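See structure below.
All of these numbers come straight from a predicted model, not from anything done at the bench. Numbering of ligands and ligand atoms starts at 1, following listing order.
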Amino acid sequence: MPSRSNGLLITGATLIDGTGAAPVPDAAVLIEGERIAYAGPAAGLGAQAARVIDARGKTIVPALIDAHNHSTFDSDMRVYLKNGVTTIRFAGLNQDAVVALRERVERGEIPGPRILSCGPMLDGFPPSYPHWAAPVRTPEEAAATARRLLVEDQVDALLVVQQITPELLRPIVAVAHEYGRPVVGQIWFTDARQAAEIGIDELDNTSRIFASRAYPPERLTSYRTVPERLALFSRGWETIDWELTRPLMEAMVAHGVSYCPTVVVHQHQAGIGLAELEADPDFRTMYGEAEHREWAQFLDYVQGTWTEEDHRLMGVAAELRIEWMRRFHELGGRLIVGADMQFGGIMVHKELQNLRAAGLSPLEVIRAATRDTAEELGLGDHLGTVEAGKLADLLVLNRDPLQDLGAMRDIASVLKAGEIVRV
Ligand SMILES: [Zn+2]
């Protein structure tokens, strides 16, 4: 390392590097261009830098990632960055919309995070979300569609949803892995054990990671609309059989399948935390009519016909899913982070609290939201930790997040690829 750097040196902070290692007090992070040149004890760095930030009393952590989102509003892009989320992955959307948004961010027209995409959802017929779906009927069609998305649309991962059966999943996984890209599922017609054995990489939100004697697969798949399916989901969870569920968890752990719970969206659907969200300063000031209207329309589509009881049971299901996460984590399963809703820059921080409630230590929560999520996105070589050689995506926090995870949102500076972000 040269003794005189043209880069940016952040010095004096405590460093939590995202690997799960113990914090390093009085650390230095030297950034050259987009990447980190040094991260470690200040005493170990013999270089001086052109620009120095004195960060004594502060804590450096890797920037956050939202592995599952849908909103393309400019406001959401801005809120993500402001709240320390420098990378997001769209989980099922028209790929042209994602590409257009990504180009605007890359040209600097709007501030926003780094954008990855799963492209449209691979689903059976009829697809649950017709505007966001690439429906397939046969294994041959599934393979051809998967290949088209990976080669022509250059998606970063494939997403399989509700009605993808094991027969359709097999060729999709084979094609994705041929191109070295992951397959993410939120599947209903294939359970977690089948998906794990076929080789899926990640399961998200409402995937069938549980089993219930009262709601066996035939009953869970007997819906006609999205609200009906989600009502069955809640009832299935309410009657979860932990003995039947354990082999599903074990198969995920054995095959290295991570889980992105996105519990926040289901808590929101159950009416939990609404007042807190409405009081949130970013929620109040950074969104307009259009964003609120779109979210209301989405909620109407997914739960418009719910009864009071359906809302209540969704809250029960969210609690039981946190218990599932606790058991999965104890078995050595990997949890990652996503919000699955608009206002993601706010809601990701609430999801960190759900991982904490599932028994992860604050250090483990930070690792889950940074290194582990980056690895699941296939970006482990470039993002997710504050280490030499990685992209300089990091947060300088005003307080210690190991004392209070809420400090992850008490941010002095956000850096994305070595640049201090201004929103
Ligand atoms: Zn989603």
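Pairs passing the ring pair (Phe, Tyr, Trp, His ring centres under 6.0 Å) check and including a residue from residues 189-215, sequence neighbours excluded, read Phe210-Trp237.
Classified by interplanar angle (parallel below 30°, tilted 30° to 60°, perpendicular above 60°), the ring pair His70/His68 is perpendicular.
Aromatic pair Phe283/His292: ring centres closer than 6.0 Å.
Judged by distance alone, with hydrogens and angles left aside, the side-chain atoms of Arg367 form no donor-acceptor pair with the main-chain N or O of Gly20 at under 3.5 Å.
Taking 4.0 Å as the cut-off between side-chain N and carboxylate O, Lys350 and Glu276 count as a salt-bridged pair.
Atoms of the protein (N, O or S only) found under 2.8 Å from the Zn ion (ligand 1) are His68 NE2, His70 NE2, Asp340 OD1.
Judged by the 6.0 Å distance and 45° axis criteria, Arg334 is not positioned over the aromatic ring of Tyr259.
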